[in-house]
There are 2 protein chains.
Amino acid sequence: MWHEPDQGDAFAPHDHALCQSRALAEAEERLRQQGARLTPVRRRTLEILLEAHRAMGAYEVLDRLAEAGFGRQPPVAYRALEFLVEHGLAHRLQRLNAFAACLHPGEDHAPVFLICRVCDKVAEAHAGNVRSELSSAAGELGFTVERATVEALGLCPACAGRDAE
Amino acid sequence: MWHEPDQGDAFAPHDHALCQSRALAEAEERLRQQGARLTPVRRRTLEILLEAHRAMGAYEVLDRLAEAGFGRQPPVAYRALEFLVEHGLAHRLQRLNAFAACLHPGEDHAPVFLICRVCDKVAEAHAGNVRSELSSAAGELGFTVERATVEALGLCPACAGRDAE
DNA sequence: ATCGAATTGTAATAAGGTAACAAATTGTGG
DNA sequence: CCACAATTTGTTACCTTATTACAATTCGAT
C-alpha cells in the first residue's frame with residue numbers, strides 16, 4: 001500500500017504517524033549527541049510542525065503553543081523555531097516567511113524545497129547537483145557560497161493531476 | 001583598467017555610471033516595446049536601485065522617494081518596485097526582504113543571486129545549469145517547477161581577499 | 001544548597017506588507 | 001477641444017512578521 005517510505009517525498013502517499021515518530025526519535029538522538037536539550041516548548045513546536053506536515057507561519061505555530069499552555073508572545077515561537085532550525089530539525093522557507101519540520105534530520109543536507117502553489121505542501125529534494133552547479137557558477141565570479149536558499153514554486157503531482165482533468 | 005564590462009558581475013571593478021545609464025536605456029527600450037510607461041516615480045525608483053548598486057529594503061527606497069518629492073506611504077514604493085519586478089527591471093531577494101535593480105534586463109533570465117555577507121553587494125550569475133538540475137531533481141518527484149528562488153550567501157572576491165589578510 | 005548558565009515569560013516596538021478608496025493624470029474617440 | 005475610461009498616484013488604515021530588552025524561572029554541576 002504505502003511505498004517504501006522516502007523521507008524526503010512529502011508528495012508521495014505515506015504513513016504520517018510513522019514519519020512523524022521517526023523524525024521525533026531522530027531529533028532526540030541528534031540533540032543528545034550535541035548536548036542540546038529538547039525542552040517541552042521545543043518538543044511541542046517540532047510536533048506541531050510534524051503534525052501539520054506543511055509550512056507554517058511563526059504566528060500560527062505560536063497560536064498552537066498558546067493552546068498547549070505556553071506563552072503567547074512572538075519570541076516564544078521564534079526562539080523554539082530558531083533552535084530547531086539551528087539544530088537541523090526544521091527549515092525556514094524564505095519565500096513563504098514560514099517554517100517546516102525537517103523530514104530527514106541527521107543527514108548532512110542542504111535541501112532544495114519544492115512548494116506546491118495549490119496545496120501548500122513542501123517536499124525536500126535531494127539536490128547535490130543543484131548545489132554543485134551553483135558553487136561552480138559562483139566560482140566563475142570568484143564568489144564563495146556558504147549557504148544557499150533554493151526554493152521552487154510549482155505544482156505537485158497530485159495537484160497537477162487535478163488541474164489536468 | 002576596467003575589464004570588458006560583464007553586466008552580471010557586480011563584484012568586478014567596473015564603471016558604475018556606465019552600467020547605470022545602460023540599464024536605464026535598456027529599461028526604456030524594453031518598456032516602450034511592451035507598451036508600459038516609465039513614469040517619474042518608477043524611473044526614480046529604478047535610479048535609486050541602480051545608484052545604490054546593492055539590495056535595498058522597500059522602506060529605504062521609500063525614504064529616498066519621499067526626499068524626491070513623492071508620497072511617503074508604503075504603497076508608493078511597493079507599487080513602483082512591483083512594477084519594475086514584473087517588467088524584469090529589478091529583482092526581489094527573498095532572503096533579505098529587499099530589492100535590487102536588474103543589471104541586464106532584456107535577457108530572458110531567471111538569475112541566481114550571489115549575496116556577499118560582508119559588503120551586501122549582489123551579483124547575478126548565469127545559471128542555466130542550476131535551473132536544469134533543479135528541474136530534473138524536482139521531476140523525479142513528479143513536481144513541476146514554475147518559478148524558483150536561488151540565492152546564495154557567501155563571500156565576494158574582494159571581501160574574501162580582505163578576510164585572508 | 002548555591003551559583004552560573006540556559007531557558008522561558010512578557011512588554012514594547014520595529015520592520016515589512018497590503019487593502020481600500022479618493023484624487024489626479026493620461027490616452028482615446030467623438 | 002471635450003468627455004470618458006483606464007491608468008497611475010496619494011493617503012488612510014491596518015495587518016503580518018520579527019526583534020530588543022529585561023524579568024522570572026529552571027537546570028546542572030559543584
Side-chain angles (χ1 to χ4, degrees), chain A residues 27-28 31-32 34-49 52 54-87 89-100 120 149 151, chain B residues 27-28 31-32 34-49 52 54-87 89-100 120 149 151:
Chain A
E28 280 172 338
L31 292 179
R32 208 185 42 71
Q34 299 177 21
R37 293 162 50 205
L38 190 62
T39 60
V41 215
R42 292 170 180 170
R43 185 190 185 92
R44 185 69 200 115
T45 302
L46 180 54
E47 286 171 0
I48 287 167
L49 291 180
R54 61 180 171 81
M56 295 180 82
Y59 281 70
E60 198 182 347
V61 171
L62 181 57
D63 283 346
R64 304 278 210 101
L65 287 174
E67 284 169 17
F70 297 100
R72 322 194 135 268
Q73 282 63 39
V76 171
Y78 280 103
R79 280 194 293 238
L81 290 166
E82 184 190 14
F83 172 89
L84 296 176
V85 170
E86 269 172 8
H87 291 82
L89 306 176
H91 299 289
R92 177 176 214 134
L93 296 160
Q94 309 280 351
R95 187 138 195 158
L96 304 177
N97 290 334
F99 300 82
D120 281 335
T149 299
E151 299 175 6
Chain B
E28 281 173 337
L31 291 179
R32 208 186 40 72
Q34 300 176 22
R37 293 161 51 203
L38 190 61
T39 60
V41 216
R42 292 170 179 171
R43 185 189 185 93
R44 185 71 201 112
T45 303
L46 180 53
E47 285 171 0
I48 288 168
L49 291 180
R54 60 180 172 81
M56 295 179 82
Y59 281 70
E60 199 182 346
V61 171
L62 181 56
D63 284 345
R64 304 280 209 100
L65 286 174
E67 283 169 19
F70 298 99
R72 323 195 134 268
Q73 284 63 40
V76 172
Y78 280 104
R79 279 194 293 235
L81 290 166
E82 185 191 12
F83 173 88
L84 295 176
V85 169
E86 270 173 5
H87 291 81
L89 305 177
H91 298 291
R92 178 176 215 133
L93 296 161
Q94 309 279 350
R95 185 137 196 158
L96 304 177
N97 290 334
F99 300 83
D120 281 338
T149 299
E151 299 176 5

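We name chains A, B, ... by the order of the sequence lines, and we start the count at 1 in each one.
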Trainee: Just how far, in rounded Å, is C1' of dT7(D) from CZ of Phe83(B)?
Mentor: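 So the two atoms are 11 Å apart, to the nearest Å.
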Trainee: According to ring-ring contact (aromatic ring centres under 6.0 Å, His included), does anything in residues 56-79 of chain B pair up with another residue at least two apart or in another chain? List the pairs.
Mentor: none
Trainee: Indicate the atoms forming the closest heavy-atom contact of Ala58(B) with Ala77(B), along with that distance.
Mentor: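 So the minimum-distance heavy-atom pair works out to O-CB, 3.7 Å.
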Trainee: Please identify each residue that fulfils side-chain hydrogen bond (donor to acceptor under 3.5 Å, both in side chains) with Arg95(A), with sequence neighbours left out.
Mentor: Thr149(B)
Trainee: Would you kindly give the CG-to-C1' distance between Leu65(B) and dT9(D), to the nearest whole Å?
Mentor: 12 Å
Trainee: Quick check: closest heavy atoms across Arg92(B) and Glu151(B), and the distance to 0.1 Å?
Mentor: O-OE2, 3.9 Å
Trainee: Restricting to side-chain contact (heavy atoms from CB on, under 4.5 Å), what partner residues turn up for Ala36(A), sequence neighbours left out?
Mentor: Leu31(A), Phe83(A), His87(A)
Trainee: Taking only residues two or more places apart in sequence or in another chain, which ones pass salt bridge (charged side-chain N to carboxylate O under 4.0 Å, His left out) with Glu86(A)?
Mentor: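 With neighbours one apart ignored, the set is empty.
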Trainee: For chain B and DNA chain C, what are the first and last nucleotides along the strand, 5' to 3', with at least one atom under 4.0 angstrom from a heavy atom of the protein chain?
Mentor: dG16(C) to dT26(C)
Trainee: Which residues pass the salt bridge (charged side-chain N to carboxylate O under 4.0 Å, His left out) test with Glu60(A), sequence neighbours left out?
Mentor: Arg54(A)
Trainee: Which residues, if any, of residues 38-49 of chain A bring a heavy atom under 4.0 Å of DNA chain D?
Mentor: none
Trainee: For a quick test of your reading: what N or O donor-acceptor pairs under 3.5 Å do the side chains of residues 41-49 of chain A make, sequence neighbours left out?
Mentor:
residue  : atom : partner  : partner atom : Å
Arg42(A) : NH1  : Arg37(A) : O            : 2.8
Arg43(A) : NE   : Glu47(A) : OE2          : 3.3
Arg43(A) : NH1  : Glu28(A) : OE2          : 2.5
Arg43(A) : NH2  : Glu28(A) : OE2          : 3.3
Arg44(A) : NH1  : Glu47(A) : OE1          : 2.8
Arg44(A) : NH1  : Glu51(A) : OE2          : 3.4
Thr45(A) : OG1  : Val41(A) : O            : 2.6

Trainee: According to salt bridge (charged side-chain N to carboxylate O under 4.0 Å, His left out), who are the partners of Arg32(B), at least two apart in sequence or on a separate chain?
Mentor: Glu29(B)
Trainee: Any chance you could list the contact pattern along nucleotides 15-30 of chain D? Use B for base contacts, S for sugar-phosphate-only contacts and - for none, protein heavy atoms under 4.0 Å, 5' to 3'.
Mentor: --BBBB------S---
Trainee: Looking only at heavy atoms, what is the nearest atom pair of Leu93(B) and Ala55(B), with distance?
Mentor: CD1-CB, 3.4 Å
